[in-house]
Asks: 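Attaching a single structure in structure tokens format; questions to follow.
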Amino acid sequence: MADISRYVYQYMCDEIVGSEKVVKYRRLFFKVFEYVQNRFLSPSKYLFVTGSKAEGLDLCGSDIDFMLISKKYIVCESKSDANSYLSGITVSRQILILDTDNAQPGFGLLRVHKKPICDQQFVERNEDGTFLSSKLYLLSFATKYTNHIINGPCLSDLDGKLDAAHSLKSLKWPSVAKNWATRKRSSGLPSASRVSDIVKYAIQLVPIGSKSCSVDVHPLEWRISFSIPEKLIIHTWSHTQLLCYAILKILLKEVFKKNKVLDSLLCSYFLKTTLFWLSEEVDTTNWVPEKLLHCLEMCLSRITYWITQKYIPNYFIPEHNMIDRQYDQQAWDELLALVSFLHEIGWQSILLCDSFQHSSIVAYSENLKLSFYSFSDFEKAVIPLMHFLSKNFNFLDVTYCSRTKAFTRCLSFMMREILPKKYKILFLIMLSGISFNMAESLMCKQQGNKQSYFEHKQIMTCFFICAQTCVVRGWALQALNLYLTGQYTSALLILEFAMSVCHCEQFIISSSNDITISDFKEHNITFNKCVSCLHKLKYYTRWNISISNTYTFDYLLQHHPHNNIIILETAFFLKYLRFACCHRLQDIDAVQQSLLDLELFRDDIRAEPYIENSYSITFDGYLEYM
């Protein structure tokens with residue numbers, strides 16, 4: 001089995017998870033993202049990325065998990081801790097006392113320390129005291145996020161791509177989990193020094209209660225969450241451990257989740273818990289590539305035992321049985337039968353997954369998937385995550401400082417600090433994300449006055465930063481900025497350059513010195529020969545241009561009189577903006593050529609069956625349908 005294990009290990013590295021370095025760079029990406037968010041954007045809540053992506057996995061179809069931690073509340077375990085904390089701070093905080101004696105294991109009640117509390121709508125009173133209600137707290141966010149649904153303690157978007165847990169911060173490690181820090185570990189993992197570091201981190205309380213005594217969750221209980229410590233522990237795992245976890249997640253998605261009856265009975269957190277426990281118990285010499293499938297079988301054996309016993313002990317608080325609800329016995333028997341079957345066939349259970357079908361492995365063994373192999377590990381990790389920054393994570397209950405302030409802080413930090421090369425690139429990518437937001441928000445403002453012209457000139461740096469990290473889209477926004485300030489000839493020069501880059505290849509990442517502007521005047525822009533300097537990447541990513549509040553633009557940029565947003569593929573947008581510039585310059589020949597190019601683009605798109613986008617836009621009488 002050692003040879004098969006090595007083969008599956010390599011297949012996982014090459015085709016599904018990535019190498020150790022790829023995983024390392026994924027984690028670094030989110031580490032820098034969190035640093036920029038919390039230090040430069042000054043959000044009203046702490047923001048952390050949790051879940052599998054932050055842990056280093058980027059499996060197909062996986063969502064992104066956020067932990068939003070309130071700065072308004074602090075949870076203490078005793079009144080003396082609360083009073084000590086209050087005496088040492090100058091910023092007002094609402095203190096809550098964690099009561100675990102009157103809650104189910106793994107959960108706690110939050111007593112209001114001093115009244116009156118500012119958020120009375122979350123408070124519930126009974127004969128035992130005044131409590132912050134987890135149910136009311138979560139429902140208050142659900143009413144704000146109308147396009148989200150409640151999913152456990154989280155709010156999930158309708159596509160199931162994003163989970164956000166609104167949590168409260170505990171002042172210190174909870175006493176109910178103190179045994180975790182001192183218990184003996186036969187494997188020696190995590191190490192004593194790592195454990196010592198982890199217990200210094202605060203844990204969170206997330207708004208969901210237990211279901212042990214009812215079909216409904218307890219309205220006052222809060223679950224003790226160890227999401228951040230868990231991430232730190234997983235970062236110490238060997239690559240074999242992470243791959244074993246990935247295989248279990250694939251089994252869950254491609255075998256268990258296909259059965260709707262079993263869908264709610266088993267979750268990925270149970271699988272993660274399995275790895276946590278086995279990592280403590282099994283000698284480190286077992287977590288090697290040639291024993292990957294043996295480790296998988298150990299996990300299946302442990303899961304089968306737990307399902308048989310109907311007891312899955314929480315890793316940090318073993319008294320907490322995570323199967324804390326009443327399930328239909330028939331469904332449970334069906335789950336046990338499937339888990340037992342997988343345990344019986346052992347490592348061959350992976351062959352039930354589409355990801356490990358014979359055709360996939362044959363294609364791999366014949367080296368048919370070579371398009372991504374020429375990339376460096378850093379590129380393999382970062383390129384697929386670039387779309388992450390293009391999403392607008394609009395947390396309605398979180399306020400930020402101005403994007404201009406954030407941009408200045410981030411840029412100053414990059415200029416002041418001596419950073420390793422990979423860090424520099426990642427900070428530049430994050431800076432470009434801020435730049436795009438600044439650019440797009442500026443374009444939502446009313447145009448045509450001296451103030452807006454001055455603002456557009458001031459923000460020029462942002463557009464150049466955009467062009468460093470997402471070249472074509474960055475130059476497209478630069479051209480749009482010039483168009484909106486009436487600099488149509490300059491906009492055309494940039495458009496021609498951007499289209500030449502777009503035609504030959506899509507560029508994603510470049511170093512900060514690759515593109516320079518040697519002369520920038522209203523009608524005279526010259527560029528160094530930057531195509532040869534750009535960091536070329538063969539991976540083609542379709543970036544869209546998204547513009548809100550289009551009613552502030554001139555009539556040529558109106559998509560539809562009743563719609564207030566434009567979302568266009570960048571390549572299409574470049575051609576259309578060229579048409580608009582030519583129209584403004586009253587260059588009839590160029591207008592006609594631009595319209596012909598748009599028609600050819602439409603025909604090319606229609607000829608591609610895999611493209612779902614259609615470009616149905618009215619061009620103010622010039623081009624009635626595309």
Side-chain angles (χ1 to χ4, degrees), residues 46 48 50 67 69-70 73-88 93 95-111 113 129 131-132 134 153 165 167-210 212 218 220-237 269-270 272-282 302 306 311-324:
Y46 299 110
F48 293 94
T50 59
M67 178 75 77
I69 306 173
S70 174
Y73 298 95
I74 285 293
V75 179
C76 300
E77 281 206 292
S78 66
K79 291 182 179 180
S80 60
D81 287 345
N83 293 330
S84 297
Y85 175 78
L86 287 172
S87 65
R93 293 284 188 271
I95 304 298
L96 302 167
I97 306 298
L98 178 64
D99 177 6
T100 56
D101 294 332
N102 296 295
Q104 292 293 322
F107 296 84
L109 303 175
L110 296 181
R111 296 180 180 272
H113 178 48
F131 300 92
L132 195 72
S134 59
S167 63
L168 309 182
K169 178 183 176 182
S170 174
L171 191 61
K172 61 182 182 180
W173 191 261
S175 59
V176 290
K178 64 182 180 181
N179 289 339
W180 176 85
T182 57
R183 70 184 179 216
K184 292 183 179 181
R185 297 170 169 86
S186 56
S187 70
L189 294 177
S191 65
S193 60
R194 173 61 68 172
V195 169
S196 178
D197 290 338
I198 288 173
V199 296
K200 294 175 184 176
Y201 282 83
I203 54 92
Q204 288 73 47
L205 285 301
V206 294
I208 190 170
S210 66
S212 299
H218 193 296
L220 296 183
E221 285 183 345
W222 294 69
R223 189 168 74 201
I224 301 173
S225 170
F226 297 90
S227 293
I228 295 176
E230 288 164 5
K231 180 168 69 171
L232 297 173
I233 293 172
I234 291 175
H235 286 186
T236 68
W237 282 359
Y269 190 73
F270 294 171
K272 185 189 296 185
T273 300
T274 306
L275 264 296
F276 281 146
W277 279 110
L278 288 177
S279 296
E280 280 200 3
E281 301 166 8
V282 177
R302 180 61 58 89
W306 281 341
Y311 196 102
I312 300 180
N314 181 274
Y315 175 61
F316 295 93
I317 307 174
E319 299 79 18
H320 173 203
N321 178 13
M322 295 192 295
I323 308 173
D324 67 342

Asks: Which residues pass the side-chain contact (heavy atoms from CB on, under 4.5 Å) test with Ser78, sequence neighbours left out?
Replies: Ser80, Asp81

Asks: Kindly indicate, with the supporting measurements, whether the criterion side-chain contact (heavy atoms from CB on, under 4.5 Å) is fulfilled by Thr274 and Trp306.
Replies: CA-CA 10 Å; Thr274 306; Trp306 281 341; 3.3 Å; yes

Asks: Between Phe270 and Arg302, is there a cation-pi geometry (under 6.0 Å to ring centre, at most 45° from the normal)?
Replies: no

Asks: Between atom CD1 of Ile317 and atom CD of Gln104, what is the distance when rounded to the nearest 0.5 Å?
Replies: 12.5 Å

Asks: Rounded to the nearest 0.5 Å, how far does CD1 of Ile97 lie from CG of Leu109?
Replies: 12.5 Å

Asks: With side chains defined as the heavy atoms from C-beta onward, is the minimum distance between Glu319 and Val176 less than 4.5 Å?
Replies: no

Asks: Begin with the C-alpha distance, continue with both residues' side-chain angles, and end with the deciding distance and a verdict on side-chain contact (heavy atoms from CB on, under 4.5 Å) for Lys200 and Asp197.
Replies: CA-CA 5 Å; Lys200 294 175 184 176; Asp197 290 338; 4.0 Å; yes

Asks: Just verifying a value: how many Å separate Asp99 CG and Leu110 CG, rounded to the nearest 0.5 Å?
Replies: 9.0 Å

Asks: Using side-chain heavy atoms (C-beta onward) and a distance below 4.5 Å, is Leu168 in contact with Ile69?
Replies: no

Asks: Can you tell which of Leu96, Leu220, Asn102 makes a side chain to side chain contact (heavy atoms under 4.5 Å, CB included) with Arg111?
Replies: Asn102

Asks: Of all heavy-atom pairs between Gly108 and Leu98, which one has the smallest distance, and what is that distance?
Replies: CA-CD1, 3.9 Å

Asks: Is any side-chain heavy atom of Arg223 closer than 4.5 Å to one of Pro153?
Replies: yes

Asks: For the pair Ser175 and Glu77, evaluate side-chain contact (heavy atoms from CB on, under 4.5 Å) and give the outcome as yes or no after the intermediate values.
Replies: CA-CA 8 Å; Ser175 59; Glu77 281 206 292; 3.0 Å; yes

Asks: Would you compute the distance between atom CD of Glu230 and atom OG1 of Thr50 and round it to the nearest 0.5 angstrom?
Replies: 9.0 Å

Asks: For Ile323, give me all partners under side-chain contact (heavy atoms from CB on, under 4.5 Å), at least two apart in sequence or on another chain.
Replies: Ile312, Asn321, Tyr327, Trp332

Asks: Taking Glu221 for its side chain and Ala103 for its backbone only, find out whether a donor-acceptor pair lies under 3.5 Å.
Replies: no

Asks: Is a donor on one side and an acceptor on the other found under 3.5 Å between the side chain of Trp277 and the backbone of Pro313?
Replies: yes

Asks: Closest heavy-atom contact between Ser170 and Ala202?
Replies: O-CB, 2.9 Å

Asks: Considering all heavy atoms of both residues, which atom of Ile203 and which atom of Lys172 are nearest to each other, and what is their separation?
Replies: CG1-O, 4.3 Å

Asks: Checking side-chain contact (heavy atoms from CB on, under 4.5 Å) for the pair Glu281/Leu278: CA distance, chi angles, key distance, verdict?
Replies: CA-CA 5 Å; Glu281 301 166 8; Leu278 288 177; 4.0 Å; yes

Asks: In Å, rounded to the nearest 0.5 Å, how long is the span from CZ of Arg194 to CD1 of Ile233?
Replies: 9.0 Å

Asks: Nearest 0.5 Å please: distance from the CE atom of Met322 over to the OG atom of Ser210.
Replies: 14.5 Å

Asks: Establish, from distance only, whether the side-chain atoms of Tyr46 and Gln204 form a donor-acceptor pair under 3.5 Å.
Replies: no

Asks: Which heavy atom in Tyr311 sits nearest to a heavy atom in Pro318, and how many Å separate them?
Replies: OH-O, 2.9 Å

Asks: Could you tell me whether Tyr269 atom OH has more than 12 heavy atoms of other residues or ligands within 6.0 Å of it?
Replies: yes

Asks: Please check this pair: side chain of Trp173 against backbone of Ala177, looking for a donor-acceptor N/O pair closer than 3.5 Å.
Replies: yes

Asks: Hey, does Ile224 have a side-chain heavy atom less than 4.5 Å from the side chain of Leu205?
Replies: yes

Asks: Can you list everything that forms a side-chain contact (heavy atoms from CB on, under 4.5 Å) with Ser134? Sequence neighbours excluded, please.
Replies: Pro207, Trp222

Asks: Measure across Tyr85 and Ile95 and return the closest heavy-atom pair with its distance rounded to 0.1 Å.
Replies: CD2-CD1, 3.6 Å

Asks: Taking C-beta and beyond as the side chain, do Arg185 and Ser279 meet within less than 4.5 Å on heavy atoms?
Replies: no

Asks: Hey, is the main chain of Gly106 close enough, under 3.5 Å, to the side chain of Thr100 for a donor-acceptor pair?
Replies: no

Asks: Students often mix this up, so state it plainly: with edges at 30° and 60°, are the rings of Tyr315 and Trp180 parallel, tilted or perpendicular?
Replies: perpendicular

Asks: For the residue pair Ser186 and Glu280, what are the closest heavy atoms and their distance?
Replies: OG-O, 3.3 Å

